[in-house]
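Below is one structure, written out as structure tokens; the observations come after it.
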Amino acid sequence: MAPRLNIPDHIKLRLWVRSGGRCELPGCNKEVWRDGLTLAKDNFAHVAHIVAASPDGPRGDEELSPEQQADYDNLMLLCLDHHRLIDGHNADTYTAEQLREYKQKHEERIQRQTAVGPEYATTVVRFESPIGDLRVAVRRADAYQALYPYFPADDKGVFFDYRTKPGRGDEAFWAAFAAEVSDEVRRSFIKGNDEQRYDHLSIFALAPIPILVHLGNQLGNVVAAELYQKHRDTNDWKWKAEPESDPFKYQLNKSEGTDKKNVALVLSLSGKIAPEAYQTIAASMSVYEIEVESANPGFLQHRSRLEKFRVTYRQVMSEIGAKYGGDCTVHLFPAIPTPIAVLCGKELLPKSDPTVRVYDNDKAKGGFVPTLTIN
């Protein structure tokens with residue numbers, strides 16, 4: 001039997017670079033230059049053969065095994081667990097064709113991410129807080145999968161962890177919660193003289209609507225940001241591919257009231273808000289309603305629909321400010337998805353837009369109740 005060839009250092013280096021120093025088995029992506037538990041740095045990589053180095057080995061071949069022992073295209077970078085998986089008792093589960101496909105897709109993904117210019121670097125912001133009685137989770141891995149064409153500027157991002165907060169409360173609760181979020185935003189994003197630390201943010205948020213409007217307002221428009229939606233049908237955060245033509249549009253309805261200092265803004269998007277749900281509060285107010293046909297929680301499938309809402313919302317806020325004055329108050333009654341909540345706060349102009357009073361639809365209290373005053 002011919003002696004087994006050593007894999008040249010330049011082949012190993014190429015494999016490390018093109019794999020990004022991560023296990024190439026789909027779903028693993030483990031860093032192999034440090035231990036995941038202790039973070040101790042060392043070489044934890046295993047260079048695995050797709051066609052075994054020996055004809056008697058996993059996926060071995062009388063002709064190909066000796067020829068491809070040190071061939072780059074026949075090698076994968078794996079962690080210890082998955083090297084054992086493909087070469088151990090489960091070896092028959094993994095064909096050479098499958099492993100080549102795994103290698104190709106992994107290395108193509110690393111190439112796409114590392115080829116992107118620094119203008120596509122983004123800081124991932126995750127915000128978690130219970131919604132009513134519902135516990136929620138924004139997993140970092142899920143967020144990273146939704147980013148393309150952006151890529152994470154670091155492996156940590158910013159995490160607002162309010163998982164122990166109640167999902168609802170009285171006005172004092174909302175005010176204290178908002179103050180806590182404001183402090184955290186200042187600590188996380190600002191350093192001296194309002195200098196921003198980050199050039200671009202990617203925001204993944206699941207939390208009560210009032211606090212997300214406040215979050216958006218605290219972030220403001222100084223830092224560019226991409227907002228993401230958790231899709232119920234696929235349980236992921238990736239924006240759906242844009243259709244060639246999308247007739248989708250937002251409808252604006254108006255009714256005139258006698259109160260010249262208070263205006264109701266009703267957002268019937270995730271569901272239709274019946275007038276009786278807010279008319280006790282807004283009995284004498286002019287009402288602006290932004291709605292969609294067949295309002296439902298899944299309407300926000302495409303990134304372009306979020307942008308269409310931004311344009312409509314800005315037009316409405318500018319019109320209200322011009323007609324009723326900058327000292328009026330807009331009473332916001334929302335049935336909206338979370339990225340639109342963040343956008344509603346983020347788009348408010350502090351010196352020209354009216355104050356916004358945000359209401360929460362609390363069924364336990366019989367309907368909309370006041371929560372926060374913003375801007």
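Values below: all heavy atoms of this structure, side chains included; hydrogens, waters and symmetry mates excluded.
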- Item | Student check: side-chain heavy atoms of V124 and Y228 closer than 4.5 Å | no
Margin query: Which label fits Y359 and H331: parallel for a plane angle under 30°, tilted from 30 to 60°, or perpendicular past 60°?
Written below: tilted
Exercise. If we ignore angles and hydrogens, is there a donor and acceptor under 3.5 Å between the side chains of E226 and S202?
Worked result: no
Of all heavy-atom pairs linking I131 and L206, the shortest is CD1-C, 4.2 Å
Taken in chain and number order and not counting sequence neighbours, the residues that satisfy salt bridge (Lys or Arg N to Asp or Glu O under 4.0 Å) with R135 are none
Sorted by chain and number, sequence neighbours left out, salt bridge (Lys or Arg N to Asp or Glu O under 4.0 Å) with E180 holds for K165
To the nearest 0.5 Å, atom CG of L372 lies from atom CD1 of I211 at 5.5 Å
Is E97 paired with R59 through a side-chain N to carboxylate O contact shorter than 4.0 Å?
no
L78 and A48 have their tightest heavy-atom pair at CD1-CB, 3.6 Å
### Message
Counting C-beta onward and ignoring hydrogens, is there a side-chain heavy-atom pair between N253 and E291 closer than 4.5 Å?
### Response
yes
Margin query: Between S318 and R314, do the side chains contain a donor N or O and an acceptor N or O under 3.5 Å apart?
Written below: yes
Is the shortest side-chain heavy-atom distance between D71 and L75 below 4.5 Å? no
The reported gap from CD1 in I7 to CG in N74 (rounded to nearest 0.5 angstrom) is 9.0 Å
Nearest heavy-atom approach of Q229 to L300 is CG-O, 3.7 Å
Tightest non-hydrogen contact, residues K230 and A137, listed as NZ-O, 4.4 Å
**Prompt:** Would you say V136 and L134 make side-chain contact, with heavy atoms under 4.5 Å?
**Reply:** yes
- Task: Could you walk me through whether F248 and F299 pass side chain to side chain contact (heavy atoms under 4.5 Å, CB included), step by step?
- Result: CA-CA 10 Å; F248 178 88; F299 84 94; 3.6 Å; yes
Between the OG1 atom in T355 and the CD1 atom in I374, the distance rounded to the nearest 0.5 Å is 10.0 Å
Open item on the list: Quick one, M285 with L265, criterion side chain to side chain contact (heavy atoms under 4.5 Å, CB included). Give me CA distance, side-chain angles, the key distance, then yes/no.
Closed with: CA-CA 10 Å; M285 300 180 193; L265 177 55; over 6 Å; no
With sequence neighbours left out, the residues meeting side chain to side chain donor-acceptor pair (under 3.5 Å) with E307 are R310
Note to self: Can you tell whether the side chains of K240 and D246 come within less than 4.0 Å, N to carboxylate O?
What the structure shows: no
Between D35 and T38, do the side chains contain a donor N or O and an acceptor N or O under 3.5 Å apart? yes
Before giving the answer on side chain to side chain contact (heavy atoms under 4.5 Å, CB included), spell out for E319 and V263 the whole-Å C-alpha distance, their side-chain angles and the decisive distance to 0.1 Å.
CA-CA 11 Å; E319 180 178 328; V263 179; over 6 Å; no
- prompt: Can you find a heavy atom in the side chain of H106 that is under 4.5 Å from one in the side chain of S19?
  reply: yes
Checklist entry - Salt bridge between D183 and R186, side-chain N to carboxylate O under 4.0 Å? => result yes
Residues A52 and P58: closest non-hydrogen pair is CB-O, 3.0 Å
Residues at least two apart in sequence or cross-chain that pass salt bridge (Lys or Arg N to Asp or Glu O under 4.0 Å) with D327, listed by chain then number, are K261
Problem - Side-chain heavy-atom pair Y102, E24 within 4.5 angstrom cut-off - result: no
Do D61 and E67 touch side chain to side chain, with heavy atoms closer than 4.5 Å?
no
### Message
Using the rule given for side chain to side chain contact (heavy atoms under 4.5 Å, CB included), can you reason through M76 versus L99, listing the C-alpha separation, both sets of side-chain angles and the distance that settles it, and then say yes or no?
### Response
CA-CA 8 Å; M76 298 179 71; L99 294 178; 3.8 Å; yes
So ring-ring contact (aromatic ring centres under 6.0 Å, His included) across residues 33-83, not counting sequence neighbours, yields H46-H83
Closest non-hydrogen atoms of F204 and A146, given as atom of the first, atom of the second and distance, are CE2-CB, 4.0 Å
Salt bridge (Lys or Arg N to Asp or Glu O under 4.0 Å) filter on E31, not counting sequence neighbours, yields R22, R34
Point to revise | Test item: F127 and T338 side chains (from C-beta on) under 4.5 Å apart, heavy atoms | key: no
